[in-house]
Amino acid sequence: MRILISGASVAGPVLAYWLNRYGFRPTVIERAPTLRKTGGHAVDLFRPSLRIVERMGLLHTIADNEVGTERVTFLMEGASPIRLDHHSALGVTNGRHVEIMRDDLSEIFFDATRDDIEYVFDDSITSVDDGQDEVRVTFGHGSPRSFDLVIGADGLHSNVRGLAFGEEHHFSHHLGGYVAVATVPDHLGLSAEMITMADPGRMLAMYSPRQMDEARVIFMFRTPGRLDYHHRDTTRQKELLREHFGGTGWEAPRLLAELDRAPAFYFDEITQLRLDNWSRGRVSLVGDAAYCPGPAVGASTSMAVIGAYVLAGELAAASGDHTAAFPAYEREMAGYVRKARAYAVRMVKQVIPGTRAQVWAGAQALRLIGALPAQMGRALSKRINSTGVHEDVEVKNYPDSLQD
Ligand SMILES: Cc1cc2nc3c(=O)[nH]c(=O)nc-3n(C[C@H](O)[C@H](O)[C@H](O)COP(=O)(O)OP(=O)(O)OC[C@H]3O[C@@H](n4cnc5c(N)ncnc54)[C@H](O)[C@@H]3O)c2cc1C
């Protein structure tokens with residue numbers, strides 16, 4: 001059975017891996033000319049997704065590529081610096097968590113699948129014609145081809161979703177903020193430490209991955225409504241950052257000045273996708289394309305890995321019958337997606353406190369977490385951060401291969 005997957009980041013290659021293992025014939029098409037190595041940001045894999053990558057034989061490779069954050073220092077207006085170990089800051093209670101750069105993770109998944117799976121780079125789907133028995137697909141560059149199923153694993157602004165479900169604005173909800181990431185020199189020498197600074201309506205964080213010389217800076221800020229800018233107009237986006245972070249202390253002036261020299265820059269609205277279901281006929285969606293709870297606030301990389309594994313598992317269980325597999329996949333993921341959406345809404349408010357009182361309350365909570373014995377502190381942090389949504393999700397166990 002021929003299955004076309006759009007997107008070679010996290011969900012796409014994981015789905016391709018498991019489909020191949022179950023005897024399907026996946027092809028992955030990626031818009032970028034090569035595997036992205038443009039910068040990216042740190043992402044999280046919690047215990048349930050680590051179990052899946054362990055079954056893929058990739059746990060050690062992934063652990064070897066950890067970002068290496070050991071401590072988080074919080075700078076908050078009117079409070080002295082608060083230092084927590086990384087798991088206490090995040091609310092990880094079982095010790096099983098890996099933070100890794102998204103581009104490194106994609107590369108690991110790509111390397112694990114490249115010999116068995118057809119990858120087509122530098123191309124994009126232009127139409128999907130869902131017929132009775134197959135889907136006729138046209139591409140920007142390649143010749144038209146037919147597939148039994150088409151899966152969009154092409155991220156928050158999914159092309160496949162646009163073609164099969166309609167325009168993004170029907171499903172996307174503004175969560176009240178914006179996020180930017182830039183690559184900057186590590187002038188603070190931040191080995192193993194992330195520093196975050198919050199004052200009302202804005203948050204700034206800086207870290208330097210263990211395997212890189214440079215650092216990443218994340219800017220997040222709140223707005224009452226949507227801002228006016230074009231998604232390709234990086235000059236305007238940098239201007240918006242300067243407007244919103246003007247007058248911010250700590251390293252903000254220097255980091256804002258670095259923006260014009262930054263080799264990699266990303267800016268987006270923090271939006272949440274709310275689709276009631278994510279399959280139409282022979283077309284389905286996985287990962288951020290289907291259920292992005294919000295970039296940078298949803299810990300959605302674990303969800304992309306789990307969703308890909310569940311979709312492949314349900315297709316195998318239904319012997320490729322998508323009319324049974326797609327609804328089963330949606331049923332399996334629905335509860336997790338619902339909780340992840342609520343988690344992201346809370347995270348926006350927590351990560352970017354809106355008022356001085358919220359900044360103060362956040363500082364008190366962090367201080368209390370730091371004052372408790374480690375395991376109790378992590379448990380409290382888990383409660384406050386709702387990390388259990390990702391740490392404790394139950395994932396159905398699918399066989400390793402069809403023979404099992
Ligand atoms: C700033 C930021 C910070 C984040 N921080 C965290 C975090 O701390 N923890 C965490 O767990 N997650 C985090 N995330 C979320 C995480 O990056 C995503 O959940 C994860 O990458 C989703 O994987 P995906 O494969 O579904 O989609 P993506 O990683 O978005 O990949 C989509 C792929 O599709 C490709 N593509 C796009 N359009 C087309 C097309 N037309 N044709 C073919 N290919 C196409 C893209 O090039 C890309 O390779 C963050 C996201 C952002 C933006």
Side-chain angles (χ1 to χ4, degrees), residues 4-16 27-46 49 67 69 86 89-90 97-107 109-110 119-128 137 139-142 150-163 168 177-182 194 205 207 216-220 264-273 278 285-308 311 340 343-344 347 351 387 389-390:
L4 178 63
I5 301 166
S6 172
S9 176
V10 177
V14 174
L15 177 63
T27 293
V28 182
I29 179 169
E30 165 60 50
R31 181 180 56 182
T34 55
L35 209 60
R36 287 188 300 181
K37 269 294 188 186
T38 52
H41 44 265
V43 298
D44 300 282
L45 293 173
F46 291 96
S49 53
V67 169
T69 306
H86 192 213
L90 214 60
H97 165 262
V98 170
E99 187 192 34
I100 181 169
M101 298 307 280
R102 188 210 50 213
D103 290 358
D104 290 341
L105 184 63
S106 302
E107 190 172 22
F109 289 143
F110 173 68
Y119 276 88
V120 180
F121 283 92
D122 201 15
D123 210 348
S124 180
I125 298 171
T126 48
S127 70
V128 284
V137 183
F139 301 94
H141 299 309
V150 173
I151 313 292
D154 40 10
L156 173 59
H157 305 298
S158 166
N159 176 47
V160 170
R161 192 185 60 236
L163 293 170
E168 187 169 317
Y178 286 80
V179 56
V181 181
M194 176 189 244
Y207 62 96
R216 294 286 184 276
V217 56
I218 306 175
F219 298 88
M220 294 172 87
F265 177 74
Y266 165 94
F267 184 98
D268 207 350
E269 186 181 352
I270 305 178
T271 54
Q272 179 167 97
L273 287 176
W278 38 86
L285 304 170
V286 68
D288 272 11
Y291 27 73
C292 178
V297 291
S300 41
T301 306
S302 284
M303 196 156 37
V305 170
I306 291 169
L311 175 54
Y343 167 88
M347 285 311 280
V351 175
T387 320
V389 168
H390 295 286

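What you see is a predicted model, and the numbers here were worked out from it, not measured in a lab. Whatever order the structure lists ligands and atoms in, that order sets their numbers, starting from 1.
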[Y] side chain reached by [X] side chain, heavy atoms, under 4.5 Å:
| X | Y | result |
| --- | --- | --- |
| Leu35 | Phe121 | yes |
| Trp278 | Leu311 | no |
| Leu4 | Val128 | no |
| Arg31 | Asn159 | no |
| Met220 | Ile270 | yes |
| Val160 | Ile151 | no |
| Val10 | Arg102 | yes |

Of the side chain and backbone of [X], name the one, both, or neither that has a heavy atom under 4.0 Å from an atom of ligand 1.
| X | value |
| --- | --- |
| Arg102 | side chain |
| His41 | side chain |
| Ala296 | both |
| Asp268 | neither |
| Val181 | side chain |
| Thr301 | both |
| Cys292 | neither |

Next on the checklist: Going by the closest heavy atom to atom 5 (N) of ligand 1, which one wins out of Ala42, Ala290, Ser302?
Outcome noted: Ala42

Among all protein heavy atoms in this structure, tell me which lies nearest to [atom], with the distance rounded to 0.1 Å.
| atom | result |
| --- | --- |
| atom 18 (C) of ligand 1 | Asp288 OD2, 3.2 Å |
| atom 9 (N) of ligand 1 | Asp44 OD2, 2.8 Å |
| atom 38 (N) of ligand 1 | Arg31 CZ, 3.4 Å |
| atom 41 (N) of ligand 1 | Ser124 OG, 2.9 Å |
| atom 46 (C) of ligand 1 | Glu30 OE2, 3.5 Å |
| atom 53 (C) of ligand 1 | Tyr266 OH, 3.0 Å |
| atom 34 (O) of ligand 1 | Asp154 CA, 3.2 Å |
| atom 19 (O) of ligand 1 | Ser300 OG, 2.7 Å |

Checklist entry - Are any of the heavy atoms in Ser6 under 4.0 Å away from ligand 1? => result yes

Which of the ligand 1 atoms, numbered from 1, are nearer than 4.0 Å to a heavy atom of [X]:
| X | answer |
| --- | --- |
| Ala299 | 9 (N), 10 (C), 11 (O) |
| Gly287 | 26 (O) |
| Gly7 | 33 (C), 34 (O), 35 (C), 44 (N) |
| Ser9 | 25 (O), 28 (P), 29 (O), 31 (O), 32 (C), 33 (C), 48 (C), 49 (O) |
| Ile29 | 43 (C), 44 (N) |
| Ala153 | 32 (C), 33 (C), 34 (O) |
| Gly155 | 27 (O), 30 (O), 32 (C) |

Which pair of non-hydrogen atoms, one from [X] and one from [Y], has the smallest distance, and what is that distance?
| X | Y | value |
| --- | --- | --- |
| Thr387 | Phe46 | CG2-CE2, 3.5 Å |
| Ala8 | Ser106 | O-CB, 4.4 Å |
| Met194 | Ala205 | CE-CB, 4.4 Å |

Strictly distance-based, threshold 3.5 Å: is any side-chain N or O of [X] a donor or acceptor partner for the main-chain N or O of [Y]?
| X | Y | result |
| --- | --- | --- |
| Tyr207 | Ala42 | yes |
| His390 | Ala340 | no |
| Arg216 | Gly40 | yes |
| Glu269 | Thr271 | no |
| Asp123 | Ile29 | no |

Checklist entry - Any N/O of Gly12 closer than 3.5 Å to an N/O of ligand 1? => result no

Checklist entry - Any N/O of Val10 closer than 3.5 Å to an N/O of ligand 1? => result yes

